[in-house]
Amino acid sequence: MAEPPAWIVLGRLDGVPAAALLDASGQERERITLTDEGLPAWVAAAEAAPAPPRWVWSDATVWYPRLLAAGVRVGRCHDLRLCHAILRDSTLVPAAEDLRRATLWDASPVADSAGASTLFALDDVEGSSGAPDGLPAAVEEFGRQRDALTAAADPGRLRLLLAAESAGALLAAELQAAGLPWDPASHDRILTEVLGERPAGGGLPARLQDAATRVRRELGDPGASLDSQPKLLRALHRAGVLVESTSRWELSEHDHPVVAPLIEYKKLSRLLSANGWAWLDEWVHDGRFRPVYVPGGVVTGRWASSGGGALQLPRQLRRAVRSDPGWLLVVADVAQLEPRVLAAMARDEKLADAAHGRDLYSGIVDSGAVDTRQHAKVALLGAMYGATTGESGRLVPRLRRAYPRAMALVDDAARVGEEGGVVSTWLGRSSPPPSPDWRASQVRASEMEASRADETRARRSARDRGRFTRNFVVQGTAAEWALAWLADLRGRLAAIAPVDASAAAPRSGPVFQAVPHLAFFLHDEIIVHTPQDRVDAVVYAVRESAASAGRLLFGSFPIDFPLDLKVSRTAEKE
DNA sequence: TACTGGTGCGCG
DNA sequence: AAAGCGCGCACCAGTA
């Protein structure tokens, strides 16, 4: 075709990969049959064009890891599975019946034996043309999604969301391919310092064993089981510690000699079982931690992770995150992302002003709404999470007086949720509707013969759902801001010139070994692994992309997103 | 033996 | 024992 294709849909046809070339209006112009071996080179050639296409495929986890392994990176994609989930539920889409019928696209990806993802192929699903990675099914679904977008109430926002979500899909695969540089020797040193030497045989490391012995002595029970909650609880009762749970919170309020060693035991035991030597052996290979990121894995749009506990890297172990020789880490997070996003969504200029160019909580104190930074923090968290009791619950009304617009936004979201309604983020991701059980219990409670218990239960579950929708709009929009930040940053990093082979970091894989690349992402924090010589360009890119994300979502509304940014060989936070 | 639910704790 | 959102994981106990 004369014009370069605006979109290229990839899918399988008769068992081999094939491509449908679409023009800007979505018309299919040409269909090309490819081979598995030839696919990476063909994609690379198209990607090298002056105006590369946006790749359309069933699922980045199916297509992209193979390309990355072959040394091919793509700039932009449209991930049909992730976009389907957004459009299917978004209240901005007036008629999503076609999308809802195409239930094939609701299947979750599953890893095959080689570690690559594949989708369940359900032959009997209505309204589909075969498996979702089949070319006809992909072309059809892309058509449905384009139609849905055309009919949408605010296509601009949704288009932005779909692009950001798809960029996230690319990035998740890239993060896994590049990995987080991890120094097993540092990790081992930390474990040895805290727990004692790694035991050669079965037993516990010395310091953990020692804590266990002291706990048993104070309990007066040499055989006490410390890892079984019910048994530990009974042992505590026998020793006169009348707690209702074995949680650290409750234990620490009791003045008994068993408390200190027990808390120590729990701390050490946690480190050993969650991130001990077994974790190190399983998850760190060739100097890289490669967790599985799951974009869109949380209903709010946040990413989830699967395996390795990527979203719970304990602060204790951040010293083990260590750049390769000649390389550095740029570690950046956004201070108080959620309340800033709330201020911008609500167009609350007073809250935005408190957030301007400084610590938002101090800004609230300066405005006179509350007296200390700590109070500002618990009050604001309480407002976003729906606290009703305790210190937080008591402080929220002061915030309501000081920032009525922002507080009205979250209060409205809570009310809609309690009534069984659906709320949406700034860019149009909608909350799931209430479950049939939830509806049934509300209906039951409203009937004449409803018991007191029915009413209490229904009231409680209504409140629970209200807190969920209250938080959904803020957490979800914060996730959108973060995706916009990442997507923009990813592009800026790709434009930085590579270093030559002598300065490369081959363990980051063929695509990333000579260029600055994202190595970690966690809700509001990123880590970039970069050659020393490129660090200035990276810091500039990180800052510019944050500013750009704010403008992209909120236009000229005066809200800023200040970064805490550090350049270092490790990912430690002070 | 394989599952599910509860508990507790790490992260944002 | 958190109060107040969203997760993943390890471990144990009870059940199929």
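Each chain gets a letter, A, B and so on, in the order its sequence line appears, and its residues count up from 1.
A donor and an acceptor atom never sit less than 3.5 Å apart when one is taken from the side chain of A:Arg302 and the other from the base of C:dC7. Counting atom types as modelled, A:Arg315 pairs no side-chain N or O with a base atom of B:dG10 as donor and acceptor under 3.5 Å.
Between A:Lys573 and A:Asp333 there is a salt bridge, since a side-chain N of the basic residue sits under 4.0 Å from a carboxylate O of the acidic one. For A:Arg415 and A:Asp411, the salt-bridge test fails: no basic side-chain N is under 4.0 Å from an acidic carboxylate O. A salt bridge links A:Arg319 to A:Glu193: one of the charged nitrogens lies within less than 4.0 Å of a carboxylate oxygen. Of the charged side-chain nitrogens involved, none lies within less than 4.0 Å of a carboxylate oxygen, so that A:Arg405 and A:Asp348 do not count as a salt-bridged pair.
Across all strands, A:Glu338 comes closer than 4.0 Å to no nucleic acid atom at all (heavy-atom distances). Within the nucleic acid shown, A:Gly307 comes within 4.0 Å of sugar-phosphate atoms alone, with no base atom in reach, counting heavy atoms only. Using a 4.0 Å heavy-atom criterion, one finds that A:Gly393 contacts no nucleic acid atom at all. Among the protein residues, A:Arg470 comes within range of no part of the nucleic acid, since none of its heavy atoms lies under 4.0 Å from any strand. Contact annotation for A:Leu381: no contact, since no heavy-atom pair falls under 4.0 Å across all strands. A:Gln475 comes within contact range of at least one nucleobase, with a heavy-atom separation under 4.0 Å.
Nucleotides B:dT7 and C:dA1 place their P atoms 8 Å apart, quoted to the nearest Å. To the nearest whole angstrom, the two P atoms, one in C:dA2 and one in B:dG6, are 16 Å apart. The gap from the C1' atom of C:dG4 to that of B:dG12 amounts to 15 Å, rounded to the nearest Å.
Projected onto DNA chain C by closest heavy-atom contact, A:Glu391 and A:Asp227 fall at different nucleotides, the more 5' of which corresponds to A:Glu391. The residue among A:Pro230 and A:Arg270 whose nearest nucleotide of DNA chain C lies closer to the 5′ end is A:Arg270.
In this structure, the nucleotide among C:dG4, C:dG6, B:dC11 sitting nearest to the side chain of A:Val299 is C:dG6. Here C:dG8 is the nucleotide among C:dA1, C:dG8, C:dC5 with the atom lying nearest to any side-chain atom of A:Ala304. Among the nucleotides C:dG8, B:dG12, C:dG4, the one closest to any side-chain atom of A:Gln312 is C:dG8. The listed nucleotides are C:dG4, C:dA1, C:dC7; the one nearest the side chain of A:Ser392 is C:dG4. Comparing C:dA13, C:dG6, B:dC9 against the side chain of A:Arg248 picks out B:dC9 as the nearest. Closest to the side chain of A:Val298, from the set C:dC7, C:dA1, B:dC11, is C:dC7.
Checking the phosphate oxygens (OP1, OP2) of C:dA13, a side-chain nitrogen or oxygen of A:Ser228 falls inside 4.0 Å. Of the side-chain N and O atoms in A:Ser247, none sit less than 4.0 angstrom from OP1 or OP2 of B:dT7. Between A:Lys267 and the phosphate of B:dC9, there is no side-chain N or O to OP1/OP2 separation shorter than 4.0 Å. At C:dC5, none of the side-chain N or O atoms of A:Arg463 fall inside 4.0 Å of OP1 or OP2 (strictly under the cut-off). One finds a side-chain N or O of A:Gln229 lying less than 4.0 angstrom from the OP1 or OP2 phosphate oxygen of B:dG8. The phosphate of C:dC7 (OP1 or OP2) has no side-chain N or O of A:Ser305 nearer than 4.0 angstrom.
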### Task
Just do the ring-ring contact (aromatic ring centres under 6.0 Å, His included) check on A:Phe554 and A:Trp481 with the steps written out, would you?
CA-CA 10 Å; A:Phe554 303 117; A:Trp481 184 93; 8.8 Å; no
### Verdict with supporting geometry, A:Trp485 and A:Phe521, ring-ring contact (aromatic ring centres under 6.0 Å, His included)
CA-CA 11 Å; A:Trp485 181 31; A:Phe521 167 53; 7.7 Å; no
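The side-chain contact (heavy atoms from CB on, under 4.5 Å) test with A:Leu268 singles out one residue from A:Leu208, A:Ile263, A:Leu191, and that residue is A:Leu208.
Taking atom CG of residue A:Leu342 and atom P of nucleotide C:dG6, one finds them 17 Å apart after rounding to whole Å. One interatomic measurement links the two molecules: CZ of A:Phe468 to P of C:dG4, which rounds to 17 Å at whole-angstrom precision. Taking atom CG on A:Leu380 and atom C1' on C:dC5, their separation rounds to 13 Å, with Å as the unit. As a whole-Å value, the separation of A:Lys231 NZ from B:dG8 P is 16 Å. For the pair A:Phe520 CZ and B:dC11 P, the computed distance is 11 Å after rounding to whole Å. The separation between A:Leu271 atom CG and C:dC11 atom C1' is 16 Å, rounded to whole Å. If you take CG of A:Leu262 and C1' of B:dC9, they are 14 Å apart, rounded to a whole angstrom. For the pair A:Asp524 CG and C:dC7 P, the computed distance is 17 Å after rounding to whole Å.
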### Task
Starting at the 5' end of DNA chain C, write a dot or bracket for each base, bracketing those in Watson-Crick or G-U wobble pairs whose two distances are under 3.5 Å and using | for partners on another strand.
....||||||||||||
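Rounded to the nearest 0.5 Å, atoms CZ (A:Arg569) and CZ (A:Arg322) are 4.5 Å apart.
Taking each heavy atom of A:Ala376 and A:Val365 in turn, the nearest pair found is CB-CG2, 4.3 Å.
Under the 3.5 Å distance criterion, with hydrogens and angles disregarded, a donor-acceptor pair is assigned to the side chains of A:Thr91 and A:Ser424.
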